Amino acid sequence: MFSQSDFRPRCAKWLIATGLFLMLSACVDKPTTLERVKEDGVLRVVTRNSPATYFQDRNGETGFEYELVKRFAEDLGVELKIETSDNMDELFDEMQKPGGPVLAAAGLIDTENRRKQVRFSRPYLDVTPQVIYRNGQSRPTDANDLVGKRIMVLKGSSHAEQLAALKLKNPAIEYEESDAVEVVDLLRMVDEGQIDLTLVDSNELAMNQVYFPNVRVAFDLGEGRQQRWAVALGEDNSLLNEINSFLDKVQKNGTLQRLKDRYYGHVDVLGYVGAYTFAQHLQERLPKYEKYFQTSAKKEQVDWRLLAAIGYQESLWQPSVTSKTGVRGLMMLTQNTAQAMGVTNRLDAKQSIQGGAKYFAYVKDQLDDKIKEPDRTWFALASYNIGSGHLEDARKLADNEGLDPNKWLDVKKMLPRLSQKKWYSKTRYGYARGGEPVSFVANIRRYYDILTWVTQPQLEGSQIAESNLHVPGVNKVKPPEESPPL
Ligand code: GLU
């Protein structure tokens, strides 16, 4: 028991000690999360290992989320350290661990449940949850049609939450949540008929549509949503604020759009039907001509997949087509070009490919030395399509406008002017359908992207047979190679 006299000095000491402690803590502030990241020089990020997020290809790490978060780490001036979690639950568990990753960049939708565990950034990608079914089966059109179907979704995903909410209203809906699969597996299972339906975000479907010709969108389940990054709940705002201003910046300066185009642009350019048709032709037609593309590519020192992409753009890999203007064959050569390249029969696929390859190599060689790769390839394609004279005119127009005549991004803006009198009257070669080479190059680049994606380097010497076709699986899918935005 304290006596009154004991108590006073003790109390005073106590008060002094507490005061000192408070003063000290004010002087030595705990570093904020952002300060910690900068001090450590490392940004630890957790993600999912999937084509739409992060994976390894022969050139190293890649993926939409990876590319975006890498730029963020660069902005902070720190090293990026990626960790992958096997499933959604593990991902959110990791975020709770002290000393764990400070940021999740994993194509995440913000849901009510998740908001109890993490805080979300501003959005960077608009998506729609879509119910996916197999072509040929009866198409579900609304949530009631989910009853009686074998449905599988990712465990702990936003889609599992959506289904749980639906099941509350309609208990007859049954579905399985799996923590052993990724989105590509779900799509493959629908494609192969192992399950009836799955639910994925539209960006995941766009990414994978060309590999799964049988999968189709049944209907959009609910409103559009947005993918966001997440930080731990206790985070002191410093990192979240920094993330938000970074996302705002990349939105405004076009970086975000370029990444979206690169990763999700295939379906936009090809269209839904085009992507589907391409996937079919890839399996049915290309195997017949692949070896010709490879031999000619070797001889002319070009990538065979680029030649194959040109062939697809020209004739959809059909050797006997003839256009109204008299161009013919798989590579659609004119009579003059064919003659100049030593082609005697344009309808012979092998000769046509050889001629096209030789002509492409010739056209590329004629280009101004100042045009460097990868732009050089796009210029060569444009020249192949519209002729070197018109291309030169467009380069001059670019120069006059203060643009760079050696950059495809600049010259492609000028090409459509060649069909407007105001502009072509001042050029040397006059009128041309200048919009054509722009879409010609854009299409070929998309086909080329997909072909580089589906062909594995170790298979290049072999025929693309259905069994060799590289349908992406986790870890395996290859992205379009780095090249400037079109
Ligand atoms: N975006 C989903 C989610 O937040 C996961 C994967 C998907 O897009 O299908 O749970």
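All values below were derived from every heavy atom in this structure, side-chain atoms included, with hydrogens, water molecules and symmetry-related copies excluded. Worth saying up front: this structure is predicted, and the values here are computed from it rather than measured.
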| What class does the angle between the rings of F278 and Y312 fall in, given that below 30° is parallel, 30 to 60° is tilted and above 60° is perpendicular? | perpendicular
| field | Note: K252-D248 ion pair, threshold 4.0 Å (strictly below) | value | yes
| Within 6.0 angstrom of E373 CD, more than 12 heavy atoms from elsewhere | yes
| field | Candidates N87, T198, L186 - the one meeting side chain to side chain contact (heavy atoms under 4.5 Å, CB included) with L154 | value | L186
| request: Taking S383 for its side chain and F379 for its backbone only, find out whether a donor-acceptor pair lies under 3.5 Å. | output: no
| request: Would you check if the side chain of D368 reaches a backbone N or O of K370 as a donor-acceptor pair within less than 3.5 Å? | output: yes
| message | Using a 3.5 Å distance criterion without hydrogens, assess whether the side chain of E204 forms a donor-acceptor pair with backbone atoms of D201. | response | no
| Would you say the side-chain atoms of D196 and Q137 include a donor-acceptor pair closer than 3.5 Å? | no
| query | Has K413 got more than 12 heavy atoms of other residues, nucleotides or ligands less than 6.0 Å from its NZ? | reply | yes
| said: Angle between ring planes, Y429 versus H390, binned at 30° and 60°: parallel, tilted or perpendicular? | reply: perpendicular
| field | Which atom of Q335 lies closest to which atom of R346, heavy atoms considered | value | N-NH1, 3.4 Å
| said: Is the shortest side-chain heavy-atom distance between V45 and P101 below 4.5 Å? | reply: no
| How are the rings of W229 and F246 set relative to one another: parallel (under 30°), tilted (30 to 60°) or perpendicular (over 60°)? | parallel
| Which class fits the ring pair Y362 and Y359: parallel under 30°, tilted 30 to 60°, perpendicular over 60°? | parallel
| note | The side chain to side chain contact (heavy atoms under 4.5 Å, CB included) partner of T427 among Y424, W423, Y431 is Y424
| Using a distance-only test with no angle check, is there a side-chain donor-acceptor pair under 3.5 angstrom linking T255 and N253? | yes
| task | Without swapping roles, check the side chain of Q313 against the backbone of N443 for a donor-acceptor pair under 3.5 Å. | result | no
| task | Kindly determine whether L205 and Q130 satisfy side chain to side chain contact (heavy atoms under 4.5 Å, CB included), including the steps that lead there. | result | CA-CA 9 Å; L205 180 71; Q130 296 180 316; 3.7 Å; yes
| message | Using 30° and 60° as the class boundaries, would you call the ring planes of Y448 and W378 parallel, tilted or perpendicular? | response | perpendicular
| What heavy-atom pair brings L330 and E314 nearest, and what distance separates the two atoms? | O-CB, 3.6 Å
| said: For M332, run the side chain to side chain contact (heavy atoms under 4.5 Å, CB included) check against I310, V321, T337 and tell me which one passes. | reply: V321
| query | Would R376 and N406 count as a side chain to side chain donor-acceptor pair (under 3.5 Å) if you check the C-alpha gap in whole Å, the side-chain angles of each, and the deciding distance to 0.1 Å? | reply | CA-CA 8 Å; R376 202 170 172 83; N406 303 318; over 6 Å; no
| Do the side chain of N49 and the main chain of Y54 share a donor and acceptor less than 3.5 angstrom apart? | yes
| Short side-chain to backbone donor-acceptor contact, W317 and P287, under 3.5 Å | no
| Taking C-beta and beyond as the side chain, do T377 and D303 meet within less than 4.5 Å on heavy atoms? | no
| query | When you measure from the side chain of S296 to the backbone N and O of F293, does any donor-acceptor pair fall under 3.5 Å? | reply | no
| request: Give a yes-or-no answer on whether the side chains of S388 and Q366 include a donor-acceptor pair shorter than 3.5 Å. | output: no
| request: Give a yes or no on whether the backbone of A105 and the side-chain of T47 come within a donor-acceptor separation of less than 3.5 Å. | output: yes
| said: Checking the side chain of R114 only, and the main-chain atoms of I109 only, is there a donor and an acceptor separated by less than 3.5 Å? | reply: yes
| field | Distance-only polar pair, side chains of R433 and S419, donor-acceptor under 3.5 Å | value | no
| query | Do you know which two heavy atoms are closest between Y384 and M331, and how far apart they sit? | reply | OH-O, 3.8 Å
| Under 3.5 Å donor-acceptor, R225 side chain and P129 backbone | no
